[in-house]
Amino acid sequence: ANEWVKLSPSGTAPEARFGHCAKWDSTNMGLWVFGGWAHSSGQLNDLHYYDAQANEWVQVSPSGNAPTVRYGHGAEWDDAGGRLWINAGNDGS
């Protein structure tokens, strides 16, 4: 449908931010949100996932070394590999 709908997802949504990346995962029907800048926290490197089928936000903590905090970066979702690729951005250095 071509209309705006206000959602009320469960879980904890990411804090308000700018300079982040948000990429749609069409295989799992969800939205990945990484990094950015929040007025209350500064630069971020957190990862959140919105599961559209469950209408739920989840903060994700993958294994391995997370990218450094950053904003203004690029990202692409790889449906075939199930990966979020992060590129460049400002990490404060």
**Q.** Atom of Asn28, atom of Gln53 and distance for their closest heavy-atom approach
**A.**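 Closest approach of Asn28 to Gln53, heavy atoms only: O-NE2, 3.7 Å.
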Q: To the nearest 0.5 angstrom, please state how far the NE2 atom of His20 sits from the NE2 atom of His48.
A: 10.5 Å
Q. Would Ile86 end up clustered with Tyr71 when hydrophobic side chains under 4.5 Å apart are linked, directly or stepwise?
A. no
Q: Check the hydrophobic clustering (I, L, V, M, F, W, Y; side-chain heavy atoms under 4.5 Å; chains of links allowed) and say if Trp24 and Val5 are grouped together.
A: yes
Q | Under 3.5 Å donor-acceptor, Lys23 side chain and Leu84 backbone | A | no
Enumerate, atom names and distances included, each donor-acceptor pair closer than 3.5 Å involving a side-chain atom of residues 32-44, sequence neighbours excluded.
unit_1, atom_1, unit_2, atom_2, d
Ser40, OG, Glu15, OE1, 2.7
Ser41, OG, Glu15, OE1, 3.2
Ser41, OG, Glu15, OE2, 3.0

Atom pairs and distances, side-chain donor-acceptor, residues 55-68, under 3.5 Å, sequence neighbours left out:
unit_1, atom_1, unit_2, atom_2, d
Asn55, OD1, Tyr50, OH, 2.5
Thr68, OG1, Arg70, NH2, 2.7

Q | Ser26: partners by side chain to side chain donor-acceptor pair (under 3.5 Å), with sequence neighbours left out | A | Asp79
